[in-house]
Amino acid sequence: MASLDKWLSGDRRREVPRMEEVKSDSIKKFTEIKEGTIGILLGSDYNPESRKAFLKFYDVKNHRIVIWYDTTNHHPYAYYKGDIKELENNPAILRKRDKIIDIIEEEKIDPLNDEKIKVAKIIAKDPLVIGGSRESLREYITLWEADIKYYANYIFDLDFEVGGYYILEGVDKIPKRIHLEVPPEVKKFLDSPNIDENMKDWLIRLSEYVPPLKRISLDIEVYNPRGIVPQAENPEFPIFMISLYASDGLKKVLVYDIRSELDESTASKFEFDVEVFNNERDLIKRAIEIIEEYPIIITFNGDNFDLPYIRRRGEKLGLIDLKDKIRLGRNDARVTWGIHIDLYKFFKNVSIKNYAFGGAYDVISLDSIAQSLLGKGKTEKIEYFGEIPMEEIIRYSFRDAELTYELTSFNRDLVMRLIIIIGRIANMVIDDVCRLSVSNWIKNRLIHLHRKKNYLIPRPEEIKGKGEKRHFQPITKGKKYVGALVIEPKPGIHFNVHVVDFASLYPSIMKEYNISYETVNCVHEECRDNLVPDTTTWICKKKRGIISEFVGVIRDIRVDVFKKLSKDKTLDEDKREFYNVIQGALKVFINAIYGVTGSDAFPFYYLPAAEAVTLYGRYAINRAVEKALELGLEVIYGDTDSLFIKNPDPNKINELISGIEKELHLKLEVDKIYRYVALSTRKKNYFGVLKDGSIDIKGLVGKKSST
DNA sequence: AGCATT
DNA sequence: AACGGCTAATGCG
């Protein structure tokens with residue numbers, strides 16, 4: 001304590017930092033690639049010095065990241081729709097002439113007008129010419145595809161697949177995609193006749209084995225005064241502890257013995273390694289030396305705290321090449337030798353929280369998430385280190401690193417697998433998967449799909465420009481368009497109630513009715529008679545919509561293959577769990593695709609498309625009610641995609657299901673059967689007892705009577 | 001009471 | 001930074 005007080009009072013004994021590099025051969029490692037290296041593509045980035053995109057592969061044999069630099073002479077670019085001669089004389093272009101490699105004419109397909117068009121492609125020496133600075137071309141000229149990250153662009157253009165296996169044959173050869181042998185349980189589906197080529201590609205890509213990934217978690221402690229929270233932007237207090245927990249069994253706490261209270265006996269008191277240092281610089285140096293041996297770094301809030309703090313403290317203390325190891329972005333921190341996963345960002349992601357983990361945790365903190373998912377939390381909370389014995393802080397700090405690591409390893413590496421699978425679905429590098437939201441995941445894959453079809457990606461205002469007419473007033477004030485239909489419940493206790501529902505209604509509608517931003521109110525005259533019920537919105541009959549196709553294929557492989565595999569008792573648990581991760585990740589995408597279509601922040605937002613989905617949904621449930629009544633069935637309630645039918649003749653239910661399937665091409669199925677269900681006058685509030693005796697309660701919360 | 005807001 | 005519908009609590013002439 002005394003030394004802390006002294007330190008706080010200003011006696012910081014600032015020695016002149018020795019300019020010294022952290023010893024490492026990590027840079028050298030990247031200059032050569034051993035022939036025959038097998039790697040999984042996990043990351044990519046752009047190197048401004050060499051002006052090249054590069055890829056990060058996880059070497060599955062040596063468990064390190066291998067970096068491969070572009071050899072194809074690929075460059076950043078953007079498109080211009082107007083006259084190429086005019087463009088060449090545009091002042092903004094003239095100003096940037098020395099940074100423009102070429103302007104060439106290219107043929108693309110305009111998906112909104114369904115026609116081939118000639119566009120000018122501006123090829124630049126570096127990405128900032130296109131976008132990212134105030135002087136960039138996109139600030140002066142209306143450009144197309146000018147806001148795609150360059151390294152993402154690179155992956156799309158060369159058709160690289162994130163999460164896929166590659167063989168690296170040297171620095172000068174383009175990595176070649178290789179495929180592991182398809183496991184028999186998946187092969188069975190590949191050979192089946194109702195699986196098309198598109199589905200096959202997805203099946204092979206997603207089901208490929210995800211190996212255990214070597215990784216280390218890291219957590220730092222800062223010796224700050226009471227009541228002051230250390231700031232990564234201005235790291236004025238020393239790091240005095242760094243805890244590490246790795247997949248290869250390394251468990252270690254590095255301590256800078258700031259109060260000189262430890263001795264030789266300290267290390268033996270713990271079930272993990274403890275290394276003691278007498279200054280902060282050696283502590284940081286040692287930590288970097290260790291984590292550099294790991295291709296994947298796991299933190300909890302490392303983007304905004306641990307990594308920037310380490311980098312800035314280290315630089316203050318003269319560890320000058322930390323800037324080449326930890327790269328600080330505006331809102332992230334990346335490590336050059338590997339991949340940094342910040343679990344705080346990942347678990348904060350609404351789709352991860354609510355869909356992947358069913359809202360299991362509430363507060364986004366290490367303690368709360370660990371408590372919910374691992375069943376154990378932090379050690380007792382420490383408010384102020386100054387009063388706590390060093391040995392106790394060591395245990396506390398170690399626990400954080402342990403929990404952070406275990407959040408990636410519990411349930412057979414569920415989280416690591418999930419991250420890789422999302423990367424495969426979105427074709428997005430792991431760093432971005434962990435930091436961006438579901439709309440970005442979807443956008444990323446859609447951009448790649450546009451490239452594959454040679455579609456020029458429309459600007460959002462072009463999509464809007466097709467017209468935003470909505471046909472019905474939203475029920476709820478402040479909403480943009482009408483949503484689901486909820487049928488007025490018949491209050492009372494009803495016995496033998498069968499609930500039928502449409503299987504993933506909105507995604508099925510998007511798939512079956514060809515809903516996409518370019519197919520709703522398409523350009524063709526001959527499609528204008530294909531109307532959404534009760535509207536003047538029409539849907540294309542000539543071309544498959546890009547979003548419809550995407551949601552269709554991932555819906556099909558989820559329902560037809562991965563859901564089945566996840567329940568296949570002939571497979572071992574590890575495999576079942578893996579297939580369960582895949583079907584769960586697919587579900588996140590499938591459900592969100594309709595949602596983002598109705599979100600104006602989404603670049604492919606189109607209100608009439610979102611409204612068409614809900615209107616078809618309303619139409620479907622209304623038709624089902626009509627059909628049920630025709631069959632003499634009694635409908636007592638329904639919500640969005642479900643009908644509650646009282647005491648039905650089972651044959652009539654089957655007739656209803658087959659009739660609807662024939663008429664609407666939507667699958668209706670019996671979801672559950674209640675022995676009895678009690679409905680009130682309120683929608684979305686009921687309870688019932690199912691056939692197996694279990695109780696089902698919706699919307700009702702326990703309340704005290706006021707009397 | 002009735003509407004707006006969360 | 002995924003949608004809308006619905007219930008309940010709270011605030012305010």
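Quick caveat: nothing in here was measured; it's all calculated off a predicted structure. So you know, we letter chains A, B, ... as the sequences are listed, proteins then strands, and number each from 1. Basis for what follows: all heavy atoms, side chains included, without hydrogens, waters or symmetry-related copies.
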Pick base, sugar-phosphate or nothing for [X], based on heavy-atom distances below 4.0 Å to the nucleic acid.
{"X": "G483(A)", "result": "sugar-phosphate"}
{"X": "F602(A)", "result": "nothing"}
{"X": "V482(A)", "result": "sugar-phosphate"}
{"X": "D639(A)", "result": "nothing"}
{"X": "A610(A)", "result": "nothing"}

Sequence-distant partners of Y46(A), ring-ring contact (aromatic ring centres under 6.0 Å, His included), two or more places apart:
Y150(A)

ring-ring contact (aromatic ring centres under 6.0 Å, His included) partners of Y594(A), counting only residues at least two apart:
Y506(A)

Indicate yes or no: at least one non-hydrogen side-chain atom of K667(A) is less than 4.5 angstrom from one of E669(A).
yes

I547(A) CD1 - dC3(C) P separation (whole Å):
15 Å

With the side chain defined as heavy atoms from C-beta on, K477(A) is closest, among dA8(C), dA4(B), dC3(C), to dA4(B)

Among dG5(C), dC6(C), dC3(C), which nucleotide sits nearest the side chain of P474(A)?
dG5(C)

Within 6.0 angstrom of Y140(A) OH, more than 12 heavy atoms from elsewhere:
yes

Does K684(A) place a side-chain N or O at less than 4.0 Å from the phosphate oxygens OP1/OP2 of dC6(C)?
no

Kindly say if R618(A) contacts the phosphate of dG4(C), meaning a side-chain N or O under 4.0 Å from OP1 or OP2.
no

